[in-house]
Amino acid sequence: MFKLTSLNLNGLRSAATKGVADWVAESAPDCICMQEIRVQASDIEGRFEEMAGLKGHFHFAEKKGYAGTAVYTKHIPSEIVVGWGDTEFDAEGRYLELRFDTPKRKFSVISCYFPSGSSGEERQLAKFRFLKGFFPHLLALKKEREFVLCGDINIAHQQIDLKNWRSNQKNSGFLPEERAWMTRLLDAGAEGAGLVDVYRMLKPETTDEAYTWWSNRGQAYANNVGWRLDYHLATPAIGALARTEQIYKTVKFSDHAPITVEYDFTL
């Protein structure tokens, strides 16, 4: 089995003080994809090159203390792709792809951090630019190789993916345009990308237990007023190999919960 975890850390150094390395050692994934690491190369040296025996690979944002992605893995990648070719968003450290290719297989693990539009119109427009450019990238990648994209997508796709869907229909993360983008991404028809929302394939109807993010305002976490923002998005052949999922709601390294999926193959 290939055990793959995704986790938005809201800061690698902050999560480290809360014991993330011990948790990774205990849960023992083959790979863990991290988003919003908020560090630079100088912060990694001598401290975060490895975690629980897994070797780290990184895409740093140019702006200090901002965004960034990482993948820690027990396997040696055949190639590392830093960024997806968009100048604006590659500067924010939002995409890291590790390829594990063999003569018989082309397979990638991707850690991706989608922009949030919640801070205002300017960032929402940036989010729309990201979505517009990222769709054809994923479409082209799917034609070439199998992959799993793990990430903080910052979109709750369906009404069952957040607690208060009625009052959030005009808020970033549940806008009609964002939801339509997700629908198209998962559409297997001619107009879609045909990717698989792995969690929803395994758990098509869960609501309260599906959430991976809670606002720091009020008693959102205590009352489980959450959103499902963290995903495994896989090509169909890989999605079909997903066997188990787990969202670790009681693990609090950030305002996001880790999500792990076990796939019935090995690297």
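How far NE2 of H256 is from OH of Y211: 15.5 Å, rounded to the nearest 0.5 Å. Note that the CZ atom of R179 and the CH2 atom of W181 stand 15.0 Å from one another [nearest 0.5 Å]. In this structure, the separation between OG1 on T5 and NE2 on H232 is 6.5 Å, given to the nearest 0.5 Å. The line from CG of D197 to NE2 of H157 is 8.0 Å long, rounded to the nearest 0.5 Å.
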Salt bridge (Lys or Arg N to Asp or Glu O under 4.0 Å), that's the test. Do D208 and R228 meet it? Break it down for me.
CA-CA 9 Å; D208 290 359; R228 186 173 76 97; over 6 Å; no
Quiz prompt | Trace of the ring-ring contact (aromatic ring centres under 6.0 Å, His included) decision for F107 with F147 | solution = CA-CA 5 Å; F107 173 69; F147 65 83; 8.7 Å; no
TODO: Could you check E144 against K106 for salt bridge (Lys or Arg N to Asp or Glu O under 4.0 Å), going step by step and ending with a plain yes or no?
DONE: CA-CA 8 Å; E144 298 175 359; K106 290 184 176 181; over 6 Å; no
Practice prompt. Applying salt bridge (Lys or Arg N to Asp or Glu O under 4.0 Å), run through K127 and E178 and close with a yes or a no.
Written response: CA-CA 9 Å; K127 186 177 186 179; E178 297 170 338; 2.9 Å; yes
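Judged by distance alone, the side chain of Q40 and the main-chain N or O of A61 form a donor-acceptor pair under 3.5 Å. Listed for the Q169 side chain is a donor-acceptor partner under 3.5 Å among the backbone atoms of R166. A distance-only check finds no donor-acceptor pair linking the side chain of R123 to the backbone of P115 [under 3.5 Å]. Of the possible donor and acceptor atoms, none in the side chain of D264 sits under 3.5 Å from a partner among the backbone N and O of L241. The backbone N or O of S118 sits less than 3.5 Å from a side-chain atom of S116, completing a donor-acceptor pair.
When only modelled atom types and interatomic distance are considered, E36 and Y113 share a side-chain donor-acceptor pair under 3.5 Å. In this structure, a donor-acceptor pair under 3.5 Å is present between the side chains of S108 and R145. Residues K163 and N168 bring no donor and acceptor atom of their side chains to less than 3.5 Å of each other. For the 3.5 Å distance criterion, the side chains of D230 and T212 qualify, holding a donor opposite an acceptor.
The residue from I110, V81, T69 that alone fulfils the side chain to side chain contact (heavy atoms under 4.5 Å, CB included) condition with L96 is T69. Remark: of the listed residues H59, Q35, H57, Q35 is the sole one forming a side-chain hydrogen bond (donor to acceptor under 3.5 Å, both in side chains) with S111.
The six-membered or imidazole ring of F58 lies near that of Y72, with a centre-to-centre distance under 6.0 Å. When ring centroids are compared, Y95 and F89 stay outside the 6.0 Å threshold.
Classified by interplanar angle (parallel below 30°, tilted 30° to 60°, perpendicular above 60°), the ring pair F2/Y263 is tilted.
Contact annotation: the side chain of F134 approaches that of C112 to within less than 4.5 Å [non-hydrogen atoms, C-beta and beyond].
Geometrically, K252 engages Y221 in a cation-pi contact, judged by NZ or CZ lying under 6.0 Å from the ring centre and within 45° of the ring axis.
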